[in-house]
Amino acid sequence: MTNYHTATVAELSHALHSKKVSSVELTRHFLDRIAAHDRRLNSFITVTTEQALAAAAEADRRIAAGQAGPLTGIPLAQKDIFCTEGVRTSCASRMLDNFIAPYDATTVQRLNAAGMVMLGKTNMDEFAMGSSNETSYYGPVRNPWDLDRVPGGSSGGSAAAVAARLAPIATGTDTGGSIRQPAALCGLTGLKPTYGLVSRYGMIAFASSLDQAGPIAQSAEDAALLLQALAGFDPRDSTSLDRHLPDYRAALDNSDNTSPLVGVRIGVPQEYFGDGLSKGVHDAIAAAIAAYRKLGAETVDITLPNTRYAVPAYYVVAPAECSSNLSRFDGVRFGHRCQDAVDLMDLYKRSRGEGFGAEVKRRIMVGTYVLSAGYYDAYYLQAQKVRRLISDDFRRVFDGQQVDVILGPTAPTTAFRLNDKTSDPLAMYLSDIYTIAVNLAGLPALSMPVRPVEGLPVGLQLIGNYFSEAQLLNVAHQYQRVTTWHRQIPQAYAK
Amino acid sequence: MEWQAVIGLEIHAQLATRSKIFSGAATAYGAAPNTQACAVDLGLPGVLPVLNGEAVRMAVKFGLAIDAQITPRSVFARKNYFYPDLPKGYQISQYELPIVAHGSMEIELEDGTTKTIGIVRAHLEEDAGKSLHEDFHGLTGIDLNRAGTPLIEIVSGPEMHSAKEAVAYMKKIHALVRYLDICDGNMQEGSFRCDANVSVRPLGQEKLGTRAEIKNLNSFRFIERAINHEIARQIELIEGGGKVVQETRLYDAERDETRSMRSKEEAFDYRYFPDPDLLPVELDDKYIEWVRKSLPELPVAKRQRFIDQYGLTSRDATILTASRELADYFERVAKAPGSDAKLAANWVSGELLGALNREARELDQSPVTATMLGGLIARIVDNTISGKIAKEVFAAMWDGEGDCDAIINARGLKQITDSGSIEALIDGILAKNPQQLADYRAGKDKLFGFFVGQVMKASKGQANPAQLNDLLKKKLDS
């Protein structure tokens, strides 16, 4: 068997179109890899072998008929937060262990229509609440770079699956860093789009005003390809934006210019390099900044003074919204229902008590508290004001200082060990310290791998202005044209 | 001590949109359980609400009709509580920023004076489903067909002081929403219902007493009875040395009493917050003017027009504009070929409403259509039949014997206007009654009526009364 798994989506697309490989062959290849490796990694909750092979056969027909797009026939792993018709959609919760979604999320529809082949549904933190994939009802996911370490979260299964090349690309969702942080910890390129660019319909809500779906990929180019299929107006999502979209892949500059980023201003926020940032990560990011200067970019010192309020504000807004969003899981219509309820209150209490895990319950309680009469103004309303201040910080930098992208670390450390932080929720929450402000402001941001530290990936985060995905991806792409960190594969999975 | 009751109403009117407020499912009443509930109505994981523009337009129409402010930027909020027929665990409503604020409605009191009731706000929200407790052997059935049906909740100020005032206000709102064509007003089906906030205070005292809220009143009769009962209960309680507690009470129509549902301590903390799945509703002047242009003639204007255009009395105009349907019916009768507006007003407010009342029917169930009644009046105007015969024809039409002309022909009720025939009848009667004739001629004028009656009887009531009078007079006095 050829090493298809070492190829990017862009390369696989080329191979499919030039008939060097069929989608069925590719799909079998990845299904075999899942069968061989995933018992250790635990990156999939559900593998949809039969549907995948049928979709691959259909994709091959489309390719033969000349009706294929760039993603037709490409296998894909879907985070188990997206509703997939006829397939269990669990959100990694006991609550939805028995839930077969009766409809496809808009993103799932769009990727199906593009001819992509879903291999299965990936593991995640329960209801996307977590930063290490340890809150899953289906057990933790392991990081392919070091099986004793976490892959990050909440899209840990998607990141681990792509890092181990059990899938060439995957979807994730990002509420406070859930695409970027696992991408960073697993050595991948993950993009959280501008809020409103990708439909949320059919994506099980955690915090509605923060949630956004995006790609977890091997490269900026692959991320551009998947973003193209994901993005677009959806009349079923009132927060979806109706606007003209660029061709993200075509916007990547592939010219011979050796200084392709001349004229690009990169802002480096002092707040992202303070206490808590590990030395190794700091140095790796510093080296990347030097590389960017070589590519012609200008770096500017900037300040985002309200950064320190981002985590506290987030842990008011996100729990508040989740406490309401998760009220529908009541044991009445779908999902887990306790045995032999004696009355309505018993049904609610035990169904929810048994169905939800500890972290989900913690956030529901925090959220219920901050919305309660007498506390709303002090917490929820105050957090919304802070949110505005944080957005204003970014606005000053992008609009006032004419900065094109903001650069910093994605996470303060490399992947930590399993169980390291499970008993200390606050330490866990701080692993998203650099990613959370972006969600509060609704901005796009990506993470991509730079020089590793002691064999573990390091993520660099690029934050752009609203709807600047094309530019963000190009800035990442230029780095990836002159480096190979993004092509590294953990040794055990390279063959 | 003399007591004053203080009453405020929260009226829930279902908006007559074809689809639900946040989904594309149909709103029609009476479908098999859960057949009109789509993924959004079921609150399935991942679904999102999208606002129905028609519901917004209807709410704005209502706001304009009560001279209210249309809020330029209103916000949907989540009202969080658990209930089996509330699929999402929250109801999408409006809280701090309702779409309509500061309106008013004038009501007529029994003594003929009018009173203006303030409407604090009116906001859009979704209805819940229904819990069915019968037929499930100790279990509860859930029907989500109604879940997501658009409602407008109309909140009055605490400005009414008797059950009669409250009912008068509710009837005016009921007529208005039907005039506006934004609610079918069907109270049996729950399309129009209200909660009443009731308190009492010593007459002359400014401060309001502690209120109780009576839930889910769905007929004018129940509202009046429930409020009267509640006022009496509170007065009796206070006079007996007790205190009214703030609570929610349920009216039991069968026992004619209210009973406690939950106290203030047990009241829910709804944890309202702006719904992040929906954008604020921003309405500009252009939109509001566009809606204003679609407003129909409102009751007050229509009543005045009826007086001016048709010469109706104030009383008739009030009766005939009580509902849009009745006003439309009257106008169709009045405008039928050969009809007459004043006669139409008399017949609609008299004979027609009388017959409907007798059989407890709604106007749309009347066997006599406006066209039929207009035809009948035309036959009175053109002297084909007399007013008296017309009542017989009306009754026959009511019983389904056909239209006016068919009945006149079939029953031979056409008025006799041929003077030769009437004279022949008169001659016959005079010949049969020589004594009375002699008495009349001797000065007993009152016997004129006797002769009219005899001749009319001989004509089976069909002789033209005016002609009969003239001819009889000539004969007797000749």
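Only a predicted model underlies this, so the values are computations on that prediction, with no experimental measurement involved. Residue numbers start from 1 in every chain, and the chains themselves are labelled A, B, ... in the order their sequence lines are given, proteins ahead of strands.
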- Side chain / backbone / both / neither for A:Y201 at chain B, heavy atoms under 4.5 Å: both
- Query: Which answer fits A:Y375, side chain, backbone, both or neither, if we ask what part of it has an atom under 4.5 Å from a heavy atom of chain B?
  - Reply: neither
- Query: Between A:F82 and chain B, which part of the residue has a heavy atom less than 4.5 Å away: side chain, backbone, both or neither?
  - Reply: neither
- Message: Any side-chain to backbone donor/acceptor pair from A:N439 onto A:D174? Under 3.5 Å, distance only.
- Response: yes
- How long is the gap from NZ on A:K385 to CD1 on A:I390, to the nearest 0.5 Å? 14.5 Å
- Message: Is it the case that the side chains of A:S93 and A:E126 hold a donor-acceptor pair, with the cut-off being a distance below 3.5 Å and no angle test?
- Response: yes
- Message: I need the residue from A:S208, A:S324, A:G202, A:A373 with the largest number of non-hydrogen atom pairs under 4.5 Å to chain B.
- Response: A:S324
- Query: What is the distance from atom CD of A:Q212 to atom CZ of A:R200, rounded to the nearest 0.5 Å?
  - Reply: 8.0 Å
- Residue selection (most heavy-atom pairs with chain B, distance under 4.5 Å) from A:S238, A:A207, A:A105: A:S238
- Note on the structure: Between A:F356 and the options A:R363, A:H336, A:M95, the side chain to side chain contact (heavy atoms under 4.5 Å, CB included) test singles out A:M95
- B:Y287 vs B:I70 side-chain heavy atoms within contact, under 4.5 Å: no
- Message: Assess, by modelled atom type and distance only, whether the side chains of A:S154 and A:D125 contain a donor and an acceptor separated by less than 3.5 Å.
- Response: no
- Task: Against chain B, work out which of A:T368, A:T239, A:L96 has the most heavy-atom pairs shorter than 4.5 Å and name it.
- Result: A:T368
- Item | Under 4.5 Å from any heavy atom of chain B - which part of A:A101 | neither
- Closest-packed option against chain B by number of heavy-atom pairs under 4.5 Å, given A:C83, A:P235, A:S372, A:A205: A:S372
- Using non-hydrogen atoms and a 4.5 Å limit, figure out which bit of B:Y81 sits close to chain A: side chain, backbone, both or neither. neither
- Message: Take a 6.0 Å sphere around OH of B:Y83 and say whether it holds more than 12 heavy atoms from other residues, nucleotides or ligands.
- Response: no
- Item | Pair B:T149-B:T27, side chain to side chain donor-acceptor pair (under 3.5 Å): steps then yes or no | CA-CA 6 Å; B:T149 299; B:T27 52; over 6 Å; no
- Query: Of all of B:G24, B:A39, B:P84, B:S23, which one pairs up most often with chain A through heavy atoms under 4.5 Å apart?
  - Reply: B:P84
- Name the region of B:D269, side chain, backbone, both or neither, that has any atom closer than 4.5 Å to a heavy atom of chain A. side chain
- Task: Just give me the residue among A:N325, A:V332, A:L347, A:L381 that pairs up with chain B most often, heavy atom to heavy atom, under 4.5 Å.
- Result: A:N325
- chain A contacts, top residue of B:I142, B:L279, B:L44 (heavy-atom pairs, under 4.5 Å): B:L44
